2 protein chains.
Amino acid sequence: MARPPRYDETQLLDTAVRIAADAGPAAVTMSAIARASGVPNGSIYHRFPQRLALLAELWLRTVEHFQTGYFAALQSDGDPLRAGAAAARHVVAWSRQNPREAAVLLHGPQSFGRDEWPEEYARRADDGNKRVLEAVAELAERGGATAELEVDRVMLAVIELPLAVVRRYLRAGRPLPPHAEELAERCAVDLLA
Amino acid sequence: MARPPRYDETQLLDTAVRIAADAGPAAVTMSAIARASGVPNGSIYHRFPQRLALLAELWLRTVEHFQTGYFAALQSDGDPLRAGAAAARHVVAWSRQNPREAAVLLHGPQSFGRDEWPEEYARRADDGNKRVLEAVAELAERGGATAELEVDRVMLAVIELPLAVVRRYLRAGRPLPPHAEELAERCAVDLLA
DNA sequence: CGCAATGTGGAGCGTACTCTCTATTTCATG
DNA sequence: CATGAAATAGAGAGTACGCTCCACATTGCG
């Protein structure tokens with residue numbers, strides 16, 4: 001016995017991602033989302049109690065979307081070298097298929113107000129981070145890397161380095177070249193070997 | 001026959017760098033600089049005609065400061081492998097000595113309004129970029145790399161990868177660990193070999 | 001000392017943004 | 001059809017920021 005919702009969070013977050021990718025996180029204002037989506041100002045506050053909650057959801061939705069595929073790639077192969085290669089390749093491939101979400105990822109949580117998020121969101125972000133760190137640490141162990149410097153190198157190979165490849169092109173406003181996956185995978189393998 | 005200046009650009013830019021490093025580029029407002037430096041609002045506009053000019057100078061001063069040492073490292077050795085290793089190590093060492101400026105570097109020019117800079121500043125930024133690209137391309141050539149994928153790999157090894165090492169720690173708010181230089185150099189060598 | 005030249009300092013205008021508040025709309029149900 | 005729960009819509013209060021303006025201060029020089 002109630003009026004059905006006319007807008008949903010997804011629609012608003014999609015608009016917010018588009019704005020963030022095109023004009024940076026600072027441009028993701030409630031007014032901008034209202035203008036771009038046609039949803040009135042007040043209706044947005046019906047879905048998100050405050051701007052920081054919207055930014056937090058925007059970040060978490062994006063990073064969690066990324067991580068599902070990333071974990072799958074990391075565990076796709078028993079051989080740690082091949083698993084690492086698959087993970088590195090996945091980062092680039094996913095970014096190619098989701099360039100706007102990739103742009104969000106590259107900005108990092110701080111740009112979306114991470115330090116002022118309500119506890120609940122901060123915890124969700126920490127959990128996700130922890131899962132990634134554990135998965136990569138396990139990969140390093142399977143590969144025989146134990147020293148801190150060795151683990152750092154694995155982390156670099158399967159996360160930071162492929163992201164650096166993506167960043168290099170997206171920051172310049174250019175699309176990813178066809179050989180980007182190849183580049184990231186080969187470099188990752190070289191660092192892991 | 002005139003009143004001597006009481007404040008100078010350096011003082012204001014130093015404050016701006018501190019704010020940018022601690023709270024992000026968006027926090028670098030004219031009001032924030034005025035509050036943090038004790039220089040009145042109006043006096044800042046005596047040095048910088050508009051906010052974007054200040055942001056542009058902040059970015060350019062930082063990146064040019066970085067590049068002087070970087071070029072020296074790139075040309076420090078005739079052997080391309082050793083030169084690349086020195087460059088990678090320099091990126092980390094410089095970031096360790098200048099953590100706030102390094103934080104600025106990691107944000108990238110877009111975060112400082114690059115797309116809306118007056119022509120003059122945009123050109124200066126382009127020139128600096130071009131010099132770096134040329135220097136790295138020359139290094140790649142000396143190392144026998146000619147294919148586009150090979151040049152990209154060199155670019156990754158001597159710029160993006162060491163920056164990724166720095167980013168990993170600074171983004172988390174932690175200081176660079178003692179072995180960071182070693183990590184960046186070894187990984188760079190592996191990618192160059 | 002008076003003058004010209006340059007720098008200062010802070011009040012304040014216009015704008016944009018976050019968030020609130022409330023009248024209004026919509027729909028399942030009795 | 002009347003009712004009430006849930007959602008909408010948009011005006012507007014409060015705040016911060018970019019930038020302007022101009023009365024005033026500080027110097028070197030004649």
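Reminder, nothing fancy here: chain letters follow the sequence lines and each chain counts from 1. Only a predicted model underlies this, so the values are computations on that prediction, with no experimental measurement involved. When reading the values below, keep in mind they use all heavy atoms of this one structure, side chains included, and skip hydrogens, waters and symmetry mates.
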TODO: With side-chain contact (heavy atoms from CB on, under 4.5 Å) as the test, would you mind laying out the steps for B:Val158 and B:Val91 before giving the verdict?
DONE: CA-CA 8 Å; B:Val158 300; B:Val91 172; over 6 Å; no
TODO: Please collect all side chain to side chain donor-acceptor pair (under 3.5 Å) contacts where either partner lies in residues 170-179 of chain A, sequence neighbours excluded, each pair once.
DONE: A:His179-B:Asp152
- [ ] Return the set of residues passing salt bridge (charged side-chain N to carboxylate O under 4.0 Å, His left out) with B:Arg186 (not counting sequence neighbours), or none when no residue passes.
- [x] B:Glu182
- [ ] Measure from CD on B:Gln50 to C1' on D:dC17 and round the result to the nearest Å.
- [x] 15 Å
Open item on the list: Could you tell me how far apart A:Ile44 (CD1) and D:dA7 (P) are, to the nearest whole angstrom?
Closed with: 16 Å
TODO: Using five base pairs at each end, measure the axis-to-axis angle across the helix from C:dC1-D:dG30 to C:dG30-D:dC1 and round it to 10 degrees.
DONE: 10°
Task: Listed partners of B:Ala21 passing side-chain contact (heavy atoms from CB on, under 4.5 Å), at least two apart - done: B:Arg100, B:Ala103
Open item on the list: By the ring pair (Phe, Tyr, Trp, His ring centres under 6.0 Å) test, which pairs, at least two apart or in different chains, include something from residues 61-87 of chain A?
Closed with: A:His65-A:Trp94, A:Phe66-A:Tyr70, A:Phe66-A:Trp94
Open item on the list: Using a 4.0 Å heavy-atom cut-off to protein, can you give one letter per nucleotide of nucleotides 1-11 of chain C, 5' to 3': B if the base is in contact, S if only the sugar-phosphate is, - if neither?
Closed with: ---BBBBBBB-
TODO: Please list residues of residues 109-119 of chain B whose heavy atoms come under 4.0 Å from any atom in DNA chain C, ordered by number; otherwise none.
DONE: none
Task: Phosphate OP1/OP2 of D:dA16 contacted by B:Arg35 side-chain N/O (<4.0 Å) - done: no
TODO: Measure from CD on A:Gln11 to C1' on D:dT8 and round the result to the nearest Å.
DONE: 13 Å
Task: Pair listing, side chain to side chain donor-acceptor pair (under 3.5 Å) test, anchored in residues 153-166 of chain A, at least two apart - done: A:Arg153-B:Asp190
When the side chains of residues 4-16 of chain A are checked against the rest of the protein, which donor-acceptor pairs come out under 3.5 Å, sequence neighbours left out?
unit_1	atom_1	unit_2	atom_2	d
A:Asp8	OD1	A:Gln11	N	3.3
A:Asp14	OD1	A:Arg61	NH1	3.1
A:Asp14	OD1	A:Arg61	NH2	2.8
A:Thr15	OG1	A:Gln11	O	3.1

Task: side chain to side chain donor-acceptor pair (under 3.5 Å) pairs, two or more places apart, involving residues 31-51 of chain B - done: none
Open item on the list: In whole Å, I'd like the distance from the OH atom of A:Tyr45 to the C1' atom of D:dA11.
Closed with: 15 Å
Task: Donor-acceptor under 3.5 Å (B:Arg96 side chain, B:Leu176 main chain) - done: yes
- [ ] In whole angstrom, give the distance that lies between atom CG of A:Leu52 and atom P of C:dT18.
- [x] 10 Å
Task: DNA chain D contacts among residues 16-34 of chain A, heavy-atom distance under 4.0 Å - done: none
Can you give the donor-acceptor pairs under 3.5 Å from side chains of residues 123-132 of chain B to other protein atoms, not counting sequence neighbours?
unit_1	atom_1	unit_2	atom_2	d
B:Arg124	NE	B:Glu64	OE2	3.2
B:Arg124	NH2	B:Glu64	OE1	3.2
B:Asp126	OD1	B:Arg114	NH2	3.1

Task: For the student: nearest non-hydrogen atoms of B:Ile19 and B:Ala27, plus distance - done: CG2-O, 3.5 Å
